[in-house]
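Note that these values count all heavy atoms, side chains included, but never hydrogens, waters or copies made by symmetry.
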Amino acid sequence: MTHTILLDCDPGVDDAVALMLAAGHPDIELAGITTVAGNRPLDEVTENARRLARFLGVTAPVAAGCARPLVRTPTWSTVHGDSGLGGVEVPAEPVALDPRHGVDVIIETLLSRPVGTVTLVPIGPLTNIAMAVRKEPGITERVREVVLMGGGYHAGNRTAVAEFNILTDPEAASIVFGEPWPLTMVGLDLTWQALATPEVLARLSAVGTESARLAVAMIAPYGEAYRAHRFTAAPLHDPCAVAYVIDPTLITTRKAPITVELTGTATLGMTVADFRDPDPQCTTQVAVELDIERFWDLVVDALARLP
């Protein structure tokens, strides 16, 4: 079964691997790539997306979206290095930038495709998605599903309880979680299971393609940054969201209403999942457990299919 996705991203090492997984899997049709300020400023992440698209042979439009959160002052991640890709340069000229704003690409893609055929996969701050649904509320009825990387129901990484993508633009996240579309939150509780251990890197290196070599080159400094934060290896968060779209059986989920904390002094950006007694009509769910071996099989297979 082919899954049509629109990838909203802020590359970012793990965004780059997510894009590789999407580009290399035969069951994924990339309808578009939109960028948002997040891991790095908008111009940098857009340049990264454009170069990766050329390198991977992606023909979908690449469009720049929002350059800052809806309300708050932008902040950048430190684990991706100055370039956003661990200091690694993608050996390709950037593809042409689509002249449309990324928000309009999201809206026009959903309006031009049959209802229920496009899955939104936001793997950065949710600014573009929130802007799109506010500009054209009718898209909520056209989306197949929203599968996002962000949040967590136990702990955070930017603060004790808040994950980076959500905390960067909590107001946007609140809008997105509050819409009635089907939504799966692939948060830290799940993505911290996707560790790029030395054994995993050896598997990726053995693939032998230029794409695999690029992935390993980017993950190496990314891993060093995570080890400085007392991780044993770097978690590759964003590919988990793409993997769920490809094969939902890789990830165990639980239904729960999700609220984004907007006013707490110590809890701003917290994604509060209420597991007490979810309504059968609840449209949101959280990712809980990853089939780690099959997940990496999926990534290896995609890298083997790429240049």
Side-chain angles (χ1 to χ4, degrees), residues 7-21 35-49 51-52 55 69 73-91 122-125 148-152 154-169 186-205 207 211-243 269 290 292 295-296 299-300 303:
L7 192 69
D8 187 67
C9 57
D10 59 337
V13 172
D14 53 336
D15 302 75
V17 179
L19 180 54
M20 290 176 173
L21 178 55
T35 60
V36 63
N39 285 321
R40 298 294 302 161
L42 183 66
D43 59 342
E44 294 182 26
V45 298
T46 302
E47 176 78 2
N48 291 341
R51 288 184 180 276
L52 285 163
F55 181 79
T73 301
T75 58
W76 319 121
S77 173
T78 58
V79 298
H80 298 271
D82 291 340
S83 71
L85 298 179
V88 175
E89 184 173 337
V90 180
I123 53 177
L148 65 90
M149 189 280 127
H154 279 129
N157 59 1
R158 196 68 168 184
T159 70
V161 294
E163 181 273 334
F164 174 83
N165 286 342
I166 305 301
L167 186 60
T168 296
D169 197 342
V186 182
L188 296 177
D189 307 274
L190 186 288
T191 64
W192 277 336
Q193 300 169 45
L195 295 176
T197 63
E199 294 75 19
V200 165
L201 291 178
R203 285 191 67 191
L204 301 184
S205 297
V207 173
S211 295
R213 282 190 280 271
L214 179 63
V216 172
M218 291 187 296
I219 293 169
Y222 181 64
E224 289 298 322
Y226 264 98
R227 279 187 284 276
H229 291 279
R230 301 181 183 178
F231 275 73
T232 58
L236 289 192
H237 308 282
D238 294 339
C240 295
V242 177
L290 177 67
I292 298 170
F295 167 75
W296 288 115
V299 174
V300 166
L303 291 173

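- Taken to the nearest 0.5 Å, the CD1 atom of Ile219 stands 5.5 Å off from the CG atom of Leu201.
- The CG atom of Leu188 lies 12.0 Å from the NE2 atom of His154; values are rounded to the nearest 0.5 Å.
- Side-chain N or O atoms of Asn48 include one that pairs as donor or acceptor with a backbone N or O of Ser83 at under 3.5 Å.
- Between Ala37 and Pro125, the closest heavy-atom pair is O-CG, 3.5 Å.
- In terms of modelled atom types and a separation under 3.5 Å, the side chain of Glu224 and the main chain of Ala220 share no donor-acceptor contact.
- By the side-chain contact (heavy atoms from CB on, under 4.5 Å) test, Val207 is found to be paired with Thr209, Ala212, Val300, Leu303, Ala304, residues two or more places apart in sequence or in another chain being considered.
- Considering only residues two or more places apart in sequence or on other chains, His237 meets the side chain to side chain donor-acceptor pair (under 3.5 Å) condition with Thr191, Tyr226.
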Could you please spell out the steps behind the side chain to side chain contact (heavy atoms under 4.5 Å, CB included) verdict for Trp76 and Val45?
CA-CA 11 Å; Trp76 319 121; Val45 298; over 6 Å; no

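- Side-chain N or O atoms of Asp14 include none that pairs as donor or acceptor with a backbone N or O of Pro235 at under 3.5 Å.
- More than 12 heavy atoms of other shown residues, nucleotides or ligands fall within 6.0 angstrom of atom CG in Asp43.
- Asp15 places no side-chain N or O within donor-acceptor distance of the main-chain N or O of Gly124, the cut-off being under 3.5 Å.
- In this structure, Met20 and Ala215 approach most closely via the heavy-atom pair SD-CB, 3.9 Å.
- Arg40 contributes no side-chain N or O that, together with a main-chain N or O of Gly12, makes up a donor-acceptor pair within less than 3.5 Å.
- When side chains are defined from C-beta on, Val13 does not count as touching Asn39, because their heavy atoms never get closer than 4.5 Å.
- Nearest approach of Leu148 to Ala241, heavy atoms of both residues: C-CB, 4.4 Å.
- Closest non-hydrogen pair, Leu85 versus Pro11, comes out as CD2-C, 4.3 Å.
- When atom types are taken as modelled, the side chain of Asp10 and the backbone of Val36 share no donor-acceptor pair closer than 3.5 angstrom.
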Show, in sequence, the C-alpha distance, side-chain angles and deciding distance for Val242 and Leu7, and conclude whether the side chain to side chain contact (heavy atoms under 4.5 Å, CB included) test is met.
CA-CA 9 Å; Val242 177; Leu7 192 69; 4.2 Å; yes

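- Using a cutoff of 4.0 Å between basic side-chain nitrogens and carboxylate oxygens, Glu47 and Arg51 are scored as salt-bridged.
- Taking the side-chain contact (heavy atoms from CB on, under 4.5 Å) definition, one finds that Ala162 meets it with Thr159, Leu167, sequence neighbours left out.
- Heavy-atom minimum distance, Ile123 versus Asn165: O-ND2, 3.3 Å.
- To the nearest 0.5 Å, the span separating OG1 on Thr35 from CG on Asp8 amounts to 8.0 Å.
- In this structure, SG in Cys240 is found 5.5 Å from CG in Leu290, a value given to the nearest 0.5 Å.
- Atom OG1 of Thr168 is separated from atom CZ of Arg158 by 6.0 Å, given to the nearest 0.5 angstrom.
- Between Gly38 and Phe164, the closest heavy-atom pair is O-CZ, 3.3 Å.
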